[in-house]
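Chain A is the first sequence line, chain B the second, and so forth, proteins listed ahead of strands; every chain is numbered from 1.
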Amino acid sequence: MTLTKSDKILVTCGLPYSNGTAHIGHLRTYIPGDAYVRYLKRFGFDVRFVCGSDTHGAPIELAAEEAGITPQKLVEKYHAHFKNIFEILNIGVDFYGTTEAPYHYKRAQTIIRTLEENGYVEARDVELPYCNTCKTFLADRFLVGTCPYCGALARGDECDQGCQRYLDADQLIDPRCVICGSPAIKRKTRHHFLKLPAFTDFLIKFNEQLKGTPLARNYALGWIRQGLKDWGISRDLKWGIPYPGDEKLVLYVWAENYAGYISFTEEWARQTGADWKDYWIQGGKVVNFIGADIVYHHAVFWPAILKGVNYNTPYAIVASGMVKVEGHGLSKSRGFVIDIEEDFIKQGIDLDSVRYYILSYTGHTKDLDFVWKDFQSKLNNELVGILGNYAYRVLLFIHKNFKKIPEGTLETPVDKQIDEAVNKIHEAFHDFKFKEAVDATMQLAAYGNVLFQQCEPWKTIKLDLKQCQNDLYQCLQLLKAIAILIEPALPSIAERIWQQLGQKGSVHDTNVENCKEALKAGADLPKPEVLFTKIPDEAVDKLATGLNTRIESARSKAN
RNA sequence: AGCGGGGUGGGGUAGCCAGGAUAUCCCGCGGGGCUCAUAACCCCGAGAUCAAUAGUUCAAAUCUAUUCCCCGCUACCA
């Protein structure tokens, strides 16, 4: 079972949690997701891309409390932020929604109600921590106490200031309410549970035939084999989607956020006249891009829910490796973070080169360690030296000497190179190997440099004009193919090459078959501009120093 | 601790599932060339006991076992 041109394909990315700004970790799923969508489009597939903000849960309720604003205000702010950042990065979503919208509430509650009707949910009494002063049950994030391992002040879910271990709320010594400081007491209450074990056989079969990165599949299968247990889907929080039929509780975020994949499709369909059922009920191929840290939600909980309401389950789950900064796991509080707005946009970093770095520095399933020096080297050596240089030297040479596209016909060597690259790219993105796809395109540019060098047009222009023109024609046709094939990785740059080639329309509307569509001899060629500028050593040193300062000050603050 | 992923010249990376002769490619490094191009481009070269140990085999980076190291997850963080 592989994708065909008649499939209705829907791509989604893990929803960014709206309690903070966009950082490089988000890009690890959004950029490959977007590139994948663009590859599919260039190769003529029928694909849509939806995504949105995840707006509920304890951390947001708490962050709003601390900031002295309503959760609504908080999530609206970050929702707008993410939407904007993704636009600037050319993440070409068809719809960017939010889980704090009526269309989402409706879809999420309908799913839960249907699960209940189908007998997959059970209410059960449990004992949970309670604050007598605030008259509320305390989710783990609302508890503080002493860490049993290191003695630091810890939260109910994690020893965030001390040893960084994940904790169970029960392990905390002297648990207290985070709002008022009163000691937490145990009190009986009633919660709702999804009967996950009922889905065991289904989930094994589902994961065995699941496409995407093997990482996702193996991980989930291991988890399922260890035995599934009932899974709590309600929480004692004020902020969230009311639990249908038990409105003093809210739906657990992980029981409703990925319903956004459906609700966003519905809302997009409503606005455009499409049919969401094409994706979620009558066939359709859904591809989820996520980080490796949330595989079990997407390969275990979510497909179980979908199965429980008889909706279409994902075709593929594409899990990326994690992002590190200067060798450390991402951590805002410790300063190991690259913020998209502060560190890239405001510093004037070319965003297509960021896309390139994310896609081609390492394989999609491996951890990516962001180091400013490496970023510089990829940009200066590969984008400037290979791609930018090739485009510029060819276009400038022709512009200087002819002003227009010279006479010529595409000959076998170049024709063959293009075919090989197209095949390689096709295979690579079907296997979710984005680095391979991008590298194959860059190899085409490297080949172009060899070609230009060997033809020596600066000599032939004086000795054999006809030969010279035909050689340059080869170079131009190759550049046209490169523009189309690099579009998924570098959409802005591809468009600029397209325009510099004097082509009509937009490269975003091209198909891979246009690669070899003959260029019109005699058409005017505008004066080219360089595509990329190198980052000088001093600039990159400054950026690296800024990062180190951030890390240092975070460290001294912690001590 | 359990489960999953990974370890290949200085950095990154391909090859591993379906074992085969000089282990791929990019960057960096050394030498040469070109002069159209953003000191860019092209060619040649040096550099790796493929994490370790034991085993299977005519043959192991690749298969098996054990060990070490890194990362993620472990159901109330998302």
OP1 or OP2 of [N] under 4.0 Å from side-chain N/O of [X]:
{"X": "A:K366", "N": "B:A14", "value": "yes"}
{"X": "A:N401", "N": "B:C36", "value": "no"}
{"X": "A:N449", "N": "B:A37", "value": "no"}
{"X": "A:Y252", "N": "B:A78", "value": "yes"}

Using atom [atom1] of each nucleotide, how far apart are [N] and [M] to the nearest Å?
{"N": "B:U38", "M": "B:G19", "atom1": "C1'", "answer": "47 Å"}
{"N": "B:C36", "M": "B:U49", "atom1": "P", "answer": "44 Å"}
{"N": "B:U35", "M": "B:C27", "atom1": "P", "answer": "22 Å"}
{"N": "B:C3", "M": "B:C44", "atom1": "P", "answer": "50 Å"}
{"N": "B:A54", "M": "B:A61", "atom1": "P", "answer": "14 Å"}
{"N": "B:A52", "M": "B:C69", "atom1": "P", "answer": "15 Å"}
{"N": "B:A40", "M": "B:C34", "atom1": "C1'", "answer": "12 Å"}

Rounded off to whole Å, could you give me the [atom1]-to-[atom2] distance for the [X] and [N] pair?
{"X": "A:E436", "N": "B:U24", "atom1": "CD", "atom2": "P", "result": "17 Å"}
{"X": "A:H399", "N": "B:A37", "atom1": "NE2", "atom2": "P", "result": "14 Å"}
{"X": "A:M442", "N": "B:A40", "atom1": "CE", "atom2": "C1'", "result": "13 Å"}
{"X": "A:I386", "N": "B:C25", "atom1": "CD1", "atom2": "P", "result": "14 Å"}
{"X": "A:D431", "N": "B:A14", "atom1": "CG", "atom2": "C1'", "result": "14 Å"}
{"X": "A:R28", "N": "B:G72", "atom1": "CZ", "atom2": "P", "result": "14 Å"}
{"X": "A:Y392", "N": "B:U35", "atom1": "OH", "atom2": "P", "result": "20 Å"}
{"X": "A:I224", "N": "B:C3", "atom1": "CD1", "atom2": "P", "result": "16 Å"}

Just name whichever nucleotide pairs with [N], Watson-Crick or G-U, keeping both distances under 3.5 Å, else none.
{"N": "B:G2", "result": "B:C73"}
{"N": "B:A21", "result": "none"}
{"N": "B:U53", "result": "B:A65"}

query: Does the side chain of A:H56 pick up a donor-acceptor pair with the side chain of A:E256 at under 3.5 Å?
result: yes

task: Before accepting this row, confirm whether a basic side-chain N of the pair A:K424/A:D439 lies closer than 4.0 Å to the acidic partner's carboxylate O.
output: no

Look at all strands and tell whether [X] reaches a base, only sugar-phosphate, or nothing, counting heavy atoms closer than 4.0 Å.
{"X": "A:L228", "value": "base"}
{"X": "A:F397", "value": "sugar-phosphate"}
{"X": "A:D54", "value": "sugar-phosphate"}

message: Taking the nucleotide of RNA chain B with the nearest heavy atom to each, does A:N381 or A:K534 sit closer to the 5' end?
response: A:N381

message: By nearest heavy atom, map A:D236 and A:L215 onto RNA chain B; which one lands nearer the 5' end?
response: A:L215

task: Can you label the angle between the A:F264 ring and the A:H104 ring as parallel, tilted or perpendicular, going by 30° and 60°?
output: tilted

- request: Check the pair A:F301, A:W231 against ring pair (Phe, Tyr, Trp, His ring centres under 6.0 Å), reporting the backbone distance first and the verdict last.
  value: CA-CA 9 Å; A:F301 299 157; A:W231 181 54; 3.9 Å; yes

task: Compute the centroid of each ring, for A:F370 and then for A:Y357, and state whether the two points are separated by less than 6.0 Å.
output: yes

message: Can you confirm whether or not the ring centre of A:F434 sits under 6.0 Å from the ring centre of A:F429?
response: no

